[in-house]
Amino acid sequence: MANDTALFFGQFVRSPGTTGAVAPSSLRLARAICAPVPERGDPVVVELGPGTGVFTGEIQRRLGGRGHHLAVEINPRLATLLSDRHPGAKVVVDDAAKLPQILARHGLERADVVVSGLPWAAFPSELQERLLRAIIGVLAPQGAFTTFAYVHARTLPPAVRFRRRLSDLFEEVVAGRTVWGNVPPAFVYNARRPRP
Ligand SMILES: C[S@@+](CC[C@H](N)C(=O)[O-])C[C@H]1O[C@@H](n2cnc3c(N)ncnc32)[C@H](O)[C@@H]1O
């Protein structure tokens, strides 16, 4: 949506290191990144950095009213927009690094799927590490963690470091096909089986 693009760009100008992108992701990227969200049962799905909600909408569509969907967004302006737009998701204005406490506050023990829209390549290594530890701390043993990276940035040191840490922390890490229609082009990492 044109309004979302303008709003997102405004948030990027105010806070580039946290927003980490100039425009929201595409629906195609949303479909790829949300693919592990089960279309049966009552899963606990945690979304990090939902922004204007393109992944949120796809998660809600896949859940179809089942399970739990916690969306953790640090930017209060985006969080307000998100909870108005997606009443089926529980929007939490907080830092994703506090994930274990956030889940506990909502009476949830584990996440079956964590879908991340966080801008990893914009984060220093210490913050990447804190966030990854928080994710590992809540993910069920058979759970899935998905996130995305921009093709043009994949050889930059923070992106390389992030990719390496994913392999350290998960038994399986699969990079998906490039979504060329995304601006800029991006691909999904699908990580499973957190190492004990
Ligand atoms: C690259 S944008 C992605 C937004 C959306 N998922 C998309 O793909 O269009 C990153 C989002 O992560 C949020 N964010 C950054 N650091 C965060 C943190 N520590 N905890 C929660 N949200 C965070 C930003 O405010 C922003 O909305």
Side-chain angles (χ1 to χ4, degrees), residues 1-35 37 45-62 69-86 89-103 105-106 111 113-135 137-138 145-154 156 158-159 162 176 179 181-189:
M1 268 185 256
N3 281 351
D4 283 2
T5 305
L7 170 67
F8 205 94
F9 186 70
Q11 301 307 303
F12 174 76
V13 171
R14 287 162 64 107
S15 183
T18 307
T19 309
V22 292
S25 298
S26 62
L27 191 54
R28 277 194 188 175
L29 188 66
R31 289 192 185 122
I33 204 166
C34 298
V37 173
V45 180
V46 174
E47 182 185 5
L48 308 178
T52 49
V54 63
F55 300 167
T56 317
E58 180 61 12
I59 293 168
Q60 282 288 293
R61 190 192 68 74
R62 290 185 70 94
H69 177 181
L70 274 191
V72 183
E73 172 55 61
I74 206 164
N75 179 324
R77 172 107 196 260
L78 294 174
T80 302
L81 170 112
L82 202 68
S83 40
D84 290 346
R85 193 174 273 179
H86 297 287
K90 177 75 204 153
V91 180
V92 181
V93 190
D94 212 331
D95 180 352
K98 297 190 204 147
L99 213 44
Q101 297 94 308
I102 295 169
L103 255 74
R105 253 191 352 248
H106 288 84
V113 183
V114 176
V115 174
S116 166
L118 296 176
W120 297 101
F123 290 160
S125 71
E126 173 273 332
L127 181 55
Q128 284 186 355
E129 197 60 32
R130 264 194 302 132
L131 288 161
L132 282 168
R133 293 277 166 201
I135 292 164
V138 301
F145 168 55
T146 58
T147 188
F148 74 95
Y150 294 122
V151 172
H152 69 273
R154 74 183 149 187
L156 297 179
F162 175 70
V179 180
N182 198 70
V183 182
F187 61 96
V188 169
Y189 285 123

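Fair warning: this is a prediction, and the values are worked out from it, not measured in the lab. When a ligand or atom number is given, it counts from 1 through the structure's own listing order. The figures that follow rest on heavy atoms only: side chains count, while hydrogens, waters and symmetry mates do not.
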Engineer: Nearest protein heavy-atom contact for atom 19 (N) of ligand 1: which residue, which atom, what distance?
Structural biologist: Asp95 OD1, 2.9 Å

Engineer: Considering residues at least two apart in sequence or located in another chain, which fulfil the side chain to side chain donor-acceptor pair (under 3.5 Å) criterion with Ser26?
Structural biologist: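 Ser26 satisfies side chain to side chain donor-acceptor pair (under 3.5 Å) with Asn182 once adjacent residues are dropped.
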
Engineer: Heavy atom under 4.0 Å from ligand 1: found in Val54's side chain, backbone, both, or neither?
Structural biologist: side chain

Engineer: So for atom CZ, which belongs to Phe12, do other residues, nucleotides or ligands contribute more than 12 heavy atoms lying within a distance under 6.0 Å?
Structural biologist: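 Counting neighbours around CZ of Phe12, more than 12 heavy atoms of other residues, nucleotides or ligands fall under 6.0 Å, so yes.
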
Engineer: What protein heavy atom is closest to atom 20 (N) of ligand 1, reported as residue, atom name and distance in Å?
Structural biologist: Ala96 N, 2.9 Å

Engineer: Enter the distance from Leu7:CG to Arg77:CZ here, rounded to the nearest 0.5 Å.
Structural biologist: 5.0 Å

Engineer: Considering non-hydrogen atoms of the protein only, which is the closest contact for atom 11 (C) of ligand 1, and what is the distance?
Structural biologist: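 The closest one turns out to be Gly49 O, 3.5 Å.
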
Engineer: Near Phe8, which atoms of ligand 1 are under 4.0 Å from a heavy atom of that residue?
Structural biologist: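 The atoms of ligand 1 under 4.0 Å from a heavy atom of Phe8 are 2 (S), 4 (C).
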
Engineer: Residue-level breakdown please: for Phe123 versus ligand 1, do any non-hydrogen atoms fall below 4.0 Å on the side chain, on the backbone, on both, or on neither?
Structural biologist: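 Under 4.0 Å from ligand 1, Phe123 contributes side-chain atoms alone.
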
Engineer: May I ask you to identify, for Leu78, whether its side chain, its backbone, both or neither come under 4.0 Å of ligand 1 on a heavy-atom basis?
Structural biologist: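 Side chain only.
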
Engineer: Starting from atom 15 (C) of ligand 1, which protein heavy atom do you reach first, and at what distance in Å?
Structural biologist: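 Of the protein heavy atoms, Thr18 O, 3.1 Å lies nearest.
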
Engineer: Of the backbone atoms (N, CA, C, O) and the side-chain heavy atoms from C-beta on, which set of Pro50 has a member under 4.0 Å from an atom of ligand 1: side chain, backbone, both, or neither?
Structural biologist: backbone

Engineer: Nearest to atom 27 (O) of ligand 1, what protein heavy atom do you find, and at what distance?
Structural biologist: Glu73 OE1, 2.8 Å

Engineer: What is the closest protein heavy atom to atom 22 (N) of ligand 1, and at what distance does it sit?
Structural biologist: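 Sorting protein heavy atoms by distance from atom 22 (N) of ligand 1 puts Ile74 N, 3.3 Å first.
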
Engineer: Mind checking whether Leu127 contacts ligand 1 via backbone (N, CA, C, O), side chain (CB onward), both or neither, at a 4.0 Å heavy-atom cut-off?
Structural biologist: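 Looking at Leu127 and ligand 1, no heavy atom falls under 4.0 Å.
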
Engineer: Applying a strict 4.0 Å limit to heavy atoms, is Ala97 in contact with ligand 1?
Structural biologist: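 No, Ala97 has no heavy atoms under 4.0 Å from ligand 1.
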
Engineer: Could you identify the single nearest non-hydrogen protein atom to atom 17 (C) of ligand 1 and state the distance to 0.1 Å?
Structural biologist: Leu118 CD2, 3.5 Å

Engineer: Please indicate whether any nitrogen or oxygen in Thr19 is less than 3.5 Å from any nitrogen or oxygen in ligand 1.
Structural biologist: no

Engineer: Looking at ligand 1, would Leu48 count as a contact under a 4.0 Å heavy-atom criterion?
Structural biologist: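 Heavy atoms of Leu48 never come under 4.0 Å of ligand 1.
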
Engineer: Quick one: look up the protein heavy atom nearest atom 8 (O) of ligand 1 and list residue, atom name and how far away it is.
Structural biologist: Ser25 OG, 2.5 Å

